[in-house]
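Data first, discussion second: the structure below is written as C-alpha cells.
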There are 2 protein chains.
Amino acid sequence: MIVWRWKSINRIDLEDCPIAIAQKIIGGKWALRILYHLSTGMLRFGELNRQMPEITQATLTKELRRLESFQLINRKVYPEVPPRVEYSLNEMGLKLLPVLKELEIWGYEYKKIH
Amino acid sequence: MIVWRWKSINRIDLEDCPIAIAQKIIGGKWALRILYHLSTGMLRFGELNRQMPEITQATLTKELRRLESFQLINRKVYPEVPPRVEYSLNEMGLKLLPVLKELEIWGYEYKKIH
DNA sequence: CGGAATCCTAGCGGATACTG
DNA sequence: CAGTATCCGCTAGGATTCCG
C-alpha cells in the first residue's frame, strides 16, 4: 500500500487517494459489469444489453455515457439505418483489465466458499 | 476472461457472474476505501475514522457491519472501559489485496493523465 | 436499432443527538 | 471510545413512452 501525502494535518485530500477516485468511477452498480463484458472486445449496444438482461436500456445508455465521459470506453456511431453503435474499451479502460481479472478470480473464490 | 456457463438460452444467471457478485459486495461508496485502509493491518474504529474524515460515524459503522456480514473483515471487541474494537481483514478480505493493488495502480495512472 | 425524454421511487448515506 | 437511534434529503437507477 502506498501512503499518499498529506496536504494538511489530520486531513486527507480526497484527490490524493487513488482508491477514492477508482471507487467514484467504477463504483456504480453496473460499471464493472459493462467493462467486464467489453473486455473480450467491441460490442454493439444490443449485444451488451443481451448479455445483461437485468439492466434497462435507459440505464445502460446512461452508464455507457458516464464511462465514456470518464474516458474508459470508445463510442463509435455508424451513420446507417438502422443505426449501429459499437462500444469498446479505450486505453484507460484497457488498463483496468488487471483489476477485472483479479476481481473475477476473487468472485469465483467467493462463490466457491459461500 | 472466463465465460461462465449458461443456465438457459439467452439468459445469464446472475449468480454465475463473478463480477456481479463482486460489485454487489465491494460496490458501495466506502467498501473499497475501508478495505484499502485495513490492508496495512488492524485498525481501531477511531483510527479508521480518522483516516477517512469524510465518512460519518454512523455510515462507517454500517459499512463495517456490512463487510463483516459478507465475511471480509474481523471485528474484535475488547470488554474494556473505554471500549476498544479492532477491525482487520480476514481470509476472504485478504484475498482482495491483489484487486486493491491493481486498483491503486490504476487510480494513480488515472490521476496522472487527468 | 439505439437511443431520448419523463417521471418516479427505494434506499444509501449524511446530520445530529444520545449512551454504556 | 465506539457506538446506537432518529430523521431525512438526494439521486442513482428503473419503468415507460416516444423517436429518427
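These numbers come from the heavy atoms of this one structure, side chains and all, not from hydrogens, waters or symmetry mates. What you see is a predicted model, and the numbers here were worked out from it, not measured in a lab.
Here C:dG20 is the nucleotide among C:dG14, D:dG13, C:dG20 with the atom lying nearest to any side-chain atom of B:P83. Closest contact between the side chain of B:A58 and the listed nucleotides C:dA15, D:dA2, D:dA15 involves C:dA15. With distances taken from any side-chain atom of B:W30 to the nucleotides C:dG14, D:dT4, C:dG3, the minimum falls on C:dG14. Here the side chain of B:T56 is nearest to one of D:dG3, C:dA15, C:dG2, namely C:dA15. Out of C:dG2, C:dG13, D:dA5, the shortest distance to the side chain of A:R44 is found at C:dG2.
In this model, the phosphate group of D:dG14 is approached by a side-chain N or O of A:T59 to a distance below 4.0 Å at OP1 or OP2. Checking the phosphate oxygens (OP1, OP2) of C:dG3, a side-chain nitrogen or oxygen of A:R65 falls inside 4.0 Å. A sub-4.0 Å separation between OP1 or OP2 of C:dG3 and a side-chain N or O of A:Y87 is present. Residue B:R66 has no polar side-chain atom (N or O) positioned under 4.0 Å from OP1 or OP2 of C:dC12.
Residue A:I34 contributes atom CD1, which lies 15 Å from atom P of D:dA12 at whole-angstrom precision. If you measure from atom CD of A:E54 to atom P of D:dA12, you get 21 Å, rounded to the nearest angstrom. Distance CD (B:E86) to P (D:dG3): 11 Å, rounded to an integer number of Å. Between A:R84 atom CZ and C:dC1 atom C1' the separation is 11 Å, expressed in whole Å. Atom CZ of B:R75 and atom P of D:dG3 are 5 Å apart (whole Å). Regarding A:K29, its NZ atom lies at a distance of 13 Å from the P atom of C:dG13, rounded to whole Å. If you measure from atom CZ of A:R33 to atom P of D:dG13, you get 13 Å, rounded to the nearest angstrom. Between B:E47 atom CD and D:dA2 atom C1' there is a gap of 13 Å when expressed in whole angstrom units.
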Legend entry - Derivation of the salt bridge (Lys or Arg N to Asp or Glu O under 4.0 Å) call for B:R66 and B:E63: CA-CA 5 Å; B:R66 241 203 63 213; B:E63 266 305 292; 3.1 Å; yes
Inset, instruction - Please lay out, stage by stage, how A:E54 and A:R33 fare under the test salt bridge (Lys or Arg N to Asp or Glu O under 4.0 Å). - result: CA-CA 11 Å; A:E54 328 90 62; A:R33 279 290 295 284; 3.4 Å; yes
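Taking the nucleotide of DNA chain D with the nearest heavy atom to each of A:I55 and A:P82, the more 5' of the two is matched to A:I55. Nearer the 5' end of DNA chain C, as judged by each residue's closest nucleotide, is the contact made by A:L64, out of B:G27 and A:L64.
Nucleic acid contact class of B:E80 (heavy atoms, under 4.0 Å, all strands): none.
Listed for the A:T61 side chain is a donor-acceptor partner under 3.5 Å among the backbone atoms of A:Q57.
Enclosure of atom NZ in A:K95 by more than 12 non-hydrogen atoms of other residues, nucleotides or ligands within 6.0 angstrom is indicated.
A heavy-atom distance below 4.5 Å is not found between the side chains of B:I73 and B:N90.
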